[in-house]
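Take a look at the structure set out below.
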Amino acid sequence: MNNKKTFQSLVNEIVKTIPPGKVMTYKDVASKAGNQKAFRAVGTALKNNPDKSIIHCHRVVGSDGAMHGYAFGGESEKIRILKSEGVIFIGDKVDLAKSRL
DNA sequence: CATTTGACAGGAA
DNA sequence: CTTCCTGCCAAAT
């Protein structure tokens with residue numbers, strides 16, 4: 001079997017494991033992926049995500065809980081979705097202090 | 001193999 | 001607090 005999954009698939013799996021009401025930073029995901037400095041590749045992977053429909057991309061936020069991309073109609077929309085999941089928000093950013101997995 | 005791109009992070013001004 | 005620059009990595013071409 002192909003165990004050698006690309007970073008993309010790896011990140012993909014990790015992001016899918018994020019439970020509702022929780023979020024992970026690119027750094028956290030990258031760290032689980034094997035390289036904490038690969039947060040760059042994480043973003044690249046997510047945007048190239050093969051299953052964006054099943055991936056909880058909106059549960060992945062920046063180091064400050066800020067969302068950079070993923071405009072699900074607008075950042076405001078994304079915020080609303082996360083809040084709907086139970087994530088705590090501070091203004092336009094996620095409260096990593098409580099919602100960070 | 002080299003170059004380019006990308007949904008980032010951290011530091012400096 | 002905001003804005004700009006640099007550094008990092010992986011995948012695609």
Side-chain angles (χ1 to χ4, degrees):
Chain A
M1 329 270 225
N2 39 10
N3 295 343
K4 268 191 103 107
K5 297 167 17 176
T6 56
F7 209 90
Q8 205 167 17
S9 298
L10 191 56
V11 171
N12 186 337
E13 300 284 307
I14 297 169
V15 175
K16 283 191 299 191
T17 49
I18 304 176
K22 294 288 179 186
V23 298
M24 280 185 76
T25 65
Y26 288 90
K27 276 197 308 194
D28 285 350
V29 177
S31 183
K32 281 179 180 264
N35 291 336
Q36 211 250 286
K37 300 187 95 176
F39 46 71
R40 271 276 198 163
V42 176
T44 306
L46 283 175
K47 93 162 203 282
N48 281 289
N49 64 44
D51 300 295
K52 62 177 187 147
S53 301
I54 59 176
I55 299 177
H56 309 296
C57 320
H58 56 266
R59 299 213 182 130
V60 186
V61 297
S63 57
D64 288 280
M67 53 197 82
H68 288 263
Y70 194 175
F72 195 72
E75 296 179 343
S76 306
E77 187 66 28
K78 189 155 103 183
I79 294 172
R80 196 172 68 166
I81 296 171
L82 286 168
K83 284 174 73 176
S84 185
E85 299 268 311
V87 177
I88 311 303
F89 262 81
I90 301 175
D92 59 333
K93 289 183 183 141
V94 181
D95 184 353
L96 296 176
K98 296 175 182 178
S99 299
R100 191 179 192 181
L101 189 60

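Residue-to-nucleotide proximity on DNA chain B shows that, of A/Thr44 and A/Ala66, the 5′-proximal contact is made by A/Thr44. Both A/Lys93 and A/Ala38 lie close to DNA chain C; mapped to their nearest nucleotides by heavy-atom distance, the more 5′-ward contact belongs to A/Lys93.
Side-chain N or O atoms of A/Lys32 include none that pairs as donor or acceptor with a backbone N or O of A/Val15 at under 3.5 Å. The main-chain N or O of A/Lys37 is never found under 3.5 Å from a side-chain atom of A/Asn35 such that the two would form a donor-acceptor pair.
Distance A/Asp92 CG to C/dC1 P: 12 Å, rounded to the nearest Å. Between the CG atom of A/Asp64 and the C1' atom of C/dT2 there is a distance of 13 Å, given to the nearest Å. A/Asn35 has its CG atom 10 Å from the P atom of C/dA11, to the nearest Å. Per the geometry, CG belonging to A/Leu96 stands 13 Å off C1' belonging to B/dA9, to the nearest Å. Regarding A/His68, its NE2 atom lies at a distance of 14 Å from the C1' atom of C/dT3, rounded to whole Å. The separation between A/Phe7 atom CZ and B/dT5 atom P is 22 Å, rounded to whole Å. Here the C1' atom of nucleotide B/dA7 and the NE2 atom of A/His56 are 17 Å apart, to the nearest Å. Taking atom NZ on A/Lys37 and atom P on C/dC9, their separation rounds to 6 Å, with Å as the unit.
Distance CD/A/Glu85 to NE2/A/His56: 8.0 Å, rounded to 0.5 Å. Residue A/Tyr26 holds its OH atom at 6.0 Å from CG of A/Leu46, rounded to the nearest 0.5 Å.
Within 4.0 Å (heavy atoms only), A/Phe39 reaches at least one base atom of the nucleic acid.
For A/Arg40 against C/dC9, no side-chain N or O and base N or O form a donor-acceptor pair under 3.5 Å. Between the side chain of A/Tyr26 and the base of B/dA9, no donor-acceptor pair under 3.5 Å is found.
At the phosphate of B/dA7, neither OP1 nor OP2 sits under 4.0 Å from any side-chain N or O atom of A/His58. A close approach under 4.0 Å does not occur between any side-chain nitrogen or oxygen of A/Asn48 and OP1 or OP2 of C/dA12.
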* Test log, rule side-chain contact (heavy atoms from CB on, under 4.5 Å), inputs A/Met67 and A/Ile79 -> CA-CA 9 Å; A/Met67 53 197 82; A/Ile79 294 172; 3.3 Å; yes
